[in-house]
Amino acid sequence: MSGELAGWLMLLLPYAGAALVPLLNFLSSRVVPYFAVLVGLASSVVAFFILGAPNTAGVSLNWLPGVLKTGLSLDVLSVVPALIATWIGFLVLIYSLGYMKGEENLSRYFSLTLLFIGSMVGMSMADNFLALFFFWEVMGVCSYALIGFFYKDPKAAAAGVKAFLTTKIGDVGLITAILVLYANTGTFAIGQNLEMAASLGAPILGIVSFGFIMGAVGKSAQLPLHVWLPDAMEAPTTISALIHAATMVNAGVYLLARVYPLLTQAPWSLMLVQWIGALTALLGSLLATFNFDLKRILAYSTISQLGYMVMAVGLGAVFASQFHLFSHAIFKALLFLGAGAVVHAIGTRDIRRMGGLKKVMPVVGVTFFVGALALMGFPMLNGFFSKDLILESALVDAAWGPLIVAGLAALLTAFYALRTTAAVFWGKARYKGHPHRTPWVMSSPLVLLALATFVSWLLIGPITAAWNAANLAAPELTIPELLLETFTAPAFFITLGVIFGGLLLFVYRKPIGKTVRERMPRLLRATSAGLGFDAVYGGFSRLVYAASGFVLGIWDEKVMEGINRVTGWCSLRLSEGSRALQTGDIHWNLLYIVLTLIILLGIVLW
Amino acid sequence: MNATTLLQTSIGFLVLGAIASYLGGALFRERERLVSSVVAFLALLGSVVSLAFLFPLLQQGSQSVVLFGFLQWQVDLLGWIVSMVGLVLGLVVTLYSIDYMKDDNGHRAFFPLLLLVLVAVIGLGFAFDLFNIYLFFELLALASFALVAFHKNHWEPVEAGIKFLVASATGSALVLLGVALVYMNFGTLNLFDLFNLTRQTSISIWLPITCFVVGFGIKAAIFPLHTWLPDAHSEAPSGISAMLSGIIIEAGLFALLRVMLAMGTSLPWGQILIWFSLLTMTAGNLMALTQKQIKRMLAYSSVAQMGYILLGIGVGIAYAVPAGTAGGLFHITTHAAMKGLAFLCAGALILRLGSKNLDDMRGAGWRMPVTAITFTIAVLSLAGVPPFAGFMSKLLIYQSGIQSATTLGWVASFVAIFNSVLSLGYYLPAVGILYAKNPAPGVSTIKEAPWTMVLALLVLALIVLYLGISPDPVRSWAFQSFTLLQGGF
């Protein structure tokens, strides 16, 4: 199979599956989950064929001549998110067999999940901005519908709306950027636009790059549009895993990496991206430290890890960012699925009511700990290598500000990762009742992912080779070189230092916690309320809602209704008037013919 | 096989099929409907297949052929597309009519007449001298007259047929006058010679062309020459309405296009056609807006759609914009599929409900799901909504107006777009009626149409969807057919 065909299949299989699931549901609702898993399996098998053929241009369809030519572009940059979406998506589908067992509306769930996966694949492989935006929006709709999947729970429904609206703010920026680019270059093709970026003037370049950054900030939950992600935890845990590891949030980072050549033309935008990333990393880890909801901790941790990736793009280390995206997808999926197993088993998300679970669910306990170690950046796990690359690039660029902020964030990361694992799995049991056993369909993806955290970084050799073949800046590293470079570079000591710092924090967590509680009660309250972002946005949106409701009332009732009446009345009168011409009398018909002849002759002779 | 043989086979199938279908029907009185229709269907199938084999031979340009030793034709891609559209639509309509015409008698006349219509369409497609065009034009008019007035025991169809006959006889008289004038001035009727002659000599040709515009315009239902159309389309059997709307009125425009390409590019005829097209589409849409009968509504919508095709052709001739002529030709193709589909769906509803009034169809969509869905596809496509075929062809026509970079072109494109919006004003309520929650009396007991009819609907719906999602081979053929033309041919 050629890479091209594989690309199309990876896109079309999930879409076809999503379309077929509701039909299949008419026949038998029991086969639906298995069918969805089969579709996932098929596309993940197909995905292997794409590895052999990166950098093929892909076919293009001349859909609207002169306006839109759409197709696939398969290069190293676009293939990675697509592969992650397909493979992690497949694991999530398997896991859903157990996790979603007995829920209602499973056909909706599986159909949307497949659509979600397919859209992420389409988004990353699109060769023009319009198609990218289309898939981007489909993802937005899927996230809305899936986060609010348990729509009878008002919290879930509200979270879906919040995710949709918050990311829409970014989408407005993205579509503005795309249209401004189109107005200036006359094409939607990504490659051509990036080539022509240098010839754009400074103000246009500014608008465009700011728009792209806005889009990425919304989708990847960066400061200040991060508020939707923690709330999105109301979704089924499988969907959280999908959003955090395979689809959705990766889209923003991918977009930044994709338009990086354009961003370099406006250096201030790279600066902006660096700082957004670094501050988000710090904010995310800080909020994760002070939270007691298992899934929310993981959500904040995603925000913080995405901050690293965004920061890396800002530092020009596109490769490091994509490498971290890859690592993060694996260990975050692992953590989420592990958390899902825990929540599934004891029915609460509060870590103060867990503890000692490693005796009941040893597989989950061990794999979760592996995931937490990868998150901390513990040496020889995949998170270590990718995070190390990012810190190193900050060091090389002498970007001291972001480096210090990111270092602090890494320290807190090490702390909360340990604390969460300890609170859930170690120590004394604080839960009530008898936890469910974990079915094998749920534990086997965990084991697979845990193994992957140990070995995925070994792929760095082929990946960097492919990057260099594609003329993208990447350090060409073989595994020994990577090891040598990693363990001798100063960044290694930073990484080690922050892990050690985190350990120290963990060891002295009780006295520190006591001090914080006694001396800084305000900090505690503020962080547990998300530092007030939600309150401000909530108030703002209520204000906008009230104001627009008022204006809309006048506009709808008075202006539009009036226009509607007048145009409707006019068209009806015109229609009746012209029907009067249609007499049905054959003499009149002939008269019209003669009149036309005379008028035509008049025009021609005159 | 060469082009002559293939074309002879294709026409032979139709002519012999017509005879066989009549004789078969006459011999087996008991099974008249089945025998006549199946023979006609098979003959059409053979004709389509042999015409399809002609396609590769036309890739390089036109060829002149002499059929049966006396018919001198010029075979080109342009004519091929129109003939193929007609044949495919005829095939679907034959399939559909097997069950639709169940309660009628005289099937041994119906199906042969349908085949004769298609012979005339092929003739108009490939004929390249004016007299031949006139001849096939008359054959088309006579055969379709008999089909329009097929229910001869009712008054309305007969009245519609008479109107159609009088109008089209007037048109034919004008065309014949034009032909005579051309022969008087140039001494030849061959369009290829005329193309060169009209450019070399200064003999004025305004009078014959005026005659042609009005004459062919009557058949093509250009406003205000369209007055015969609403009666004819609504009173004919639904399969025939589909043929009338889908290919017969287009044949008039196509003949006009041939003549214009040969002789009309020098005078301001292009602009005049654009003005006519704007009048036609606006008048058609306005009149459709308040129709209560489903087939009359669709008939007026055909008038409006003819306006679009004429606009494309007019822009193409006036400003030499390839997207215009190709857009017009592509719209002929898509219109055949979508309007044919709309009429066939209307026919299925009328067959089951026994009423042509939209009011009696309230809620019928819940009882006849396939018909209602395909009808929805058809009217959305007619209104130019993506991703259906009508969007693609209308888009080309809008583009052509803008590409002409003239005020008239821009105005025309905007009027056309506005008209699309206006047309939604009657298409959407029709769909809404089908899916109404409070069914009309009599709706609750109906069933879905017979399977042959449903099959016909599905085929056309798939074509509409296919051309909307991936227009390209067909759309590029439309472009190619005009680039292959050399000097009008």
Side-chain angles (χ1 to χ4, degrees), chain A residues 8 11-12 15-16 19 23 26 59-71 130-131 134 138 186 563-606, chain B residues 159-160 162-167 170-171 174 204 206-207 209-211 213-215 217-218 222-231 267-269 271-272 275-276 282-291 296 300 323 386-387 391-392 395-396 399 403 422 425-426 469-472 475-476 479:
Chain A
W8 282 107
L11 172 59
L12 292 178
Y15 262 73
L23 295 180
F26 279 120
V59 258
S60 50
L61 295 171
N62 205 355
W63 203 62
L64 299 178
V67 182
L68 179 62
K69 197 173 179 178
T70 188
L130 213 55
F134 169 78
V138 175
I563 293 177
N564 281 349
R565 285 225 186 101
V566 172
T567 49
W569 188 84
C570 284
S571 342
L572 283 183
R573 288 294 91 74
L574 268 174
S575 176
E576 275 160 18
S578 54
R579 277 177 71 184
L581 283 176
Q582 184 80 21
T583 55
D585 187 334
I586 205 158
H587 303 95
W588 281 102
N589 296 358
L590 290 179
L591 183 67
Y592 292 152
I593 294 176
V594 174
L595 278 179
T596 315
L597 197 60
I598 292 172
I599 292 171
L600 258 184
L601 285 177
I603 296 173
V604 175
L605 289 180
W606 176 52
Chain B
E159 185 196 335
I162 298 286
K163 276 186 198 165
F164 177 58
L165 192 64
V166 171
T170 318
L174 283 171
S204 164
W206 53 266
L207 188 55
I209 295 206
T210 314
C211 289
V213 169
V214 177
I218 291 174
I222 297 171
F223 181 86
L225 312 172
H226 69 281
T227 44
W228 60 272
L229 181 142
D231 285 346
L267 284 167
W269 286 105
Q271 274 106 321
I272 293 178
W275 283 112
F276 266 111
T282 315
N285 277 329
L286 278 178
M287 290 194 211
L289 207 56
T290 44
Q291 289 301 329
R296 275 190 99 80
Y300 280 112
F391 168 71
M392 285 296 171
L395 187 75
L396 266 187
Q399 271 185 345
Q403 279 171 13
L422 186 59
Y426 55 90
I469 291 166
S470 139
D472 237 340
R475 184 172 59 188
S476 58
F479 275 99

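Values in this document were obtained by computation on a predicted structure and should not be read as measured data.
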If you count heavy-atom pairs within less than 4.5 Å of chain A, which of Cys211(B), Pro224(B), Ala160(B), Ala167(B) leads?
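Maximum pair count with chain A is reached by Pro224(B).
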Largest heavy-atom contact set with chain A, pairs under 4.5 Å, which of Thr290(B), Val214(B), Leu289(B)
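Winner by heavy-atom pair count: Thr290(B).
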Residue Leu174(B) versus chain A: region with a heavy atom under 4.5 Å:
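For Leu174(B), the contact with chain A is made by the side chain alone.
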Given that the side chain runs from C-beta out, which part of Phe164(B) has a heavy atom under 4.5 Å from chain A: side chain, backbone, both or neither?
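When you check distances to chain A, no heavy atom of Phe164(B) falls under 4.5 Å.
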Gap between atom CG of Leu595(A) and atom CG of Leu225(B) - 0.5 Å precision:
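If I round to the nearest 0.5 Å, the distance is 10.0 Å.
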Going from CG on Leu597(A) to CG on Leu207(B), what distance comes out if it is rounded to the nearest 0.5 angstrom?
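Reported to 0.5 Å precision, the distance equals 8.0 Å.
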Side chain proximity check, Ile218(B) to Tyr592(A), heavy atoms < 4.5 angstrom
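No. Closest side-chain heavy atoms not under 4.5 Å.
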Contact between Leu590(A) and Thr170(B) at the side-chain level, heavy atoms closer than 4.5 Å - yes or no?
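Leu590(A) reaches Thr170(B) side chain to side chain.
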For the student: nearest non-hydrogen atoms of Trp269(B) and Leu600(A), plus distance
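Taking every non-hydrogen atom into account, CZ3-CD2, 3.8 Å.
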Quick check: closest heavy atoms across Ser571(A) and Leu286(B), and the distance to 0.1 Å?
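Taking every non-hydrogen atom into account, O-CD2, 4.1 Å.
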Is Ile603(A) close to chain B through its backbone or its side chain, or both, or neither, when contacts mean heavy atoms under 4.5 Å?
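Contact with chain B is through the side chain of Ile603(A) alone.
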Chain B contact via Ile593(A) - which portion, at a heavy-atom distance below 4.5 Å:
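Backbone plus side chain of Ile593(A), per the 4.5 Å heavy-atom cut-off to chain B.
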